[in-house]
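Notes follow once the structure below has been shown.
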Amino acid sequence: MLGLVAEGRPKEAHLSTPALRSACFTAPILLALGALNAWTAQQRDDYGALSTALCLCVCAAGLFGEDLVQRGYRRDREVLAHIAAHPGATTRHVARAVGASERVVARNLDRLAADGLLVVVSDGATPALRSYRLAA
């Protein structure tokens, strides 16, 4: 999400679904290409090409790690937006709405509550049933 300013208001820009899908495949393709080049360079005793191929592998691993981090941030934003629209939602309700497992959404909710963005509301009769709302 990019914060562009148009007419004094921030405007959101989103990547298309095909662009996001292609970004998910970039790191594994680069890693495979780097590994193939490293193997070829090692067979030919070309140490310059070998070091370049290994650098490509390291960069691909960094892209893969960054994609995992960004995926977590995207889910945090989805969970936060859902809680803003549906105050008092439970973990199960949020998980169904964002299309993730309850365990993953529980981690997102715990992280957002620890950061002070959400408040946990528990029913006195059933303390195991927790719901969430935005912090004041």
Side-chain angles (χ1 to χ4, degrees):
M1 182 166 51
L2 301 173
L4 303 175
V5 178
E7 301 173 6
R9 299 181 326 190
K11 183 179 176 185
E12 293 181 0
H14 298 277
L15 289 174
S16 65
T17 302
L20 286 174
R21 285 188 187 134
S22 68
C24 292
F25 294 116
T26 303
I29 289 170
L30 285 177
L31 185 64
L33 184 62
L36 181 64
N37 285 339
W39 181 76
T40 304
Q42 188 264 341
Q43 295 294 322
R44 295 183 179 175
D45 291 330
D46 185 358
Y47 297 111
L50 179 63
S51 63
T52 303
L54 292 176
C55 287
L56 182 62
C57 289
V58 168
C59 290
L63 283 174
F64 182 70
E66 181 65 20
D67 183 51
L68 290 177
V69 168
Q70 291 301 322
R71 190 176 307 154
Y73 290 147
R74 283 191 298 269
R75 181 152 301 117
D76 278 352
R77 287 194 306 264
E78 290 174 1
V79 167
L80 194 58
H82 185 77
I83 295 293
H86 303 92
T90 63
T91 304
R92 178 172 289 158
H93 183 254
V94 176
R96 287 181 183 159
V98 300
S101 70
E102 287 186 42
R103 180 180 292 166
V104 170
V105 170
R107 280 195 307 254
N108 293 113
L109 289 168
D110 289 342
R111 183 173 39 249
L112 291 168
D115 289 344
L117 296 171
L118 295 179
V119 174
V120 179
V121 180
S122 60
D123 186 5
T126 55
L129 183 63
R130 300 186 316 172
S131 61
Y132 298 85
R133 65 174 176 78
L134 292 179

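For Ala89 against Ile83, the heavy-atom pair with the smallest separation is CB-CD1, 4.0 Å. Considering all non-hydrogen atoms of both residues, Arg133 and Gly88 come closest at CB-N, 4.3 Å. Closest heavy-atom contact between Leu63 and Ala27: CB-CB, 4.0 Å. Heavy atoms only, all atoms of each residue included: Ala35 and Cys57 are closest at N-SG, 3.4 Å.
Residues Val58 and Leu54 fail the side-chain proximity criterion, which asks for heavy atoms closer than 4.5 Å.
In this structure, SG on Cys55 lies 9.5 Å from CG on Leu50, to the nearest 0.5 angstrom. Separating the OG1 atom in Thr90 from the OH atom in Tyr132 is a distance of 9.5 Å, to the nearest 0.5 Å.
A single hydrophobic cluster is seen to contain both Val98 and Leu117, as judged by linkage of ILVMFWY side chains at heavy-atom distances under 4.5 Å, directly or through other members. No continuous path of hydrophobic side-chain contacts links Phe64 to Leu30 [ILVMFWY only; heavy atoms under 4.5 Å].
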For a quick test of your reading: what N or O donor-acceptor pairs under 3.5 Å do the side chains of residues 36-43 make, sequence neighbours left out?
unit_1	atom_1	unit_2	atom_2	d
Asn37	ND2	Leu33	O	3.4
Thr40	OG1	Leu36	O	2.9

Enumerate donor-acceptor pairs with a distance under 3.5 Å from any side-chain N or O in residues 99-113 to protein atoms, sequence neighbours excluded.
unit_1	atom_1	unit_2	atom_2	d
Ser101	OG	Val104	N	3.3
Glu102	OE2	Arg92	NE	3.0
Asn108	ND2	Asp76	OD1	2.5
Asp110	OD1	Arg130	NH2	3.3
Arg111	NE	Asp76	OD2	3.1
Arg111	NH2	Asp76	OD1	3.2

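Within the structure, the ring-ring contact (aromatic ring centres under 6.0 Å, His included) test picks out the following pairs touching residues 90-120 (sequence neighbours left out): His82-His93, His86-His93.
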Assess whether side chain to side chain contact (heavy atoms under 4.5 Å, CB included) is satisfied between Leu134 and Val119, documenting all intermediate values. CA-CA 6 Å; Leu134 292 179; Val119 174; over 6 Å; no
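Checking side-chain atoms of Ser131 against main-chain N and O of Val121 turns up a donor-acceptor pair under 3.5 Å.
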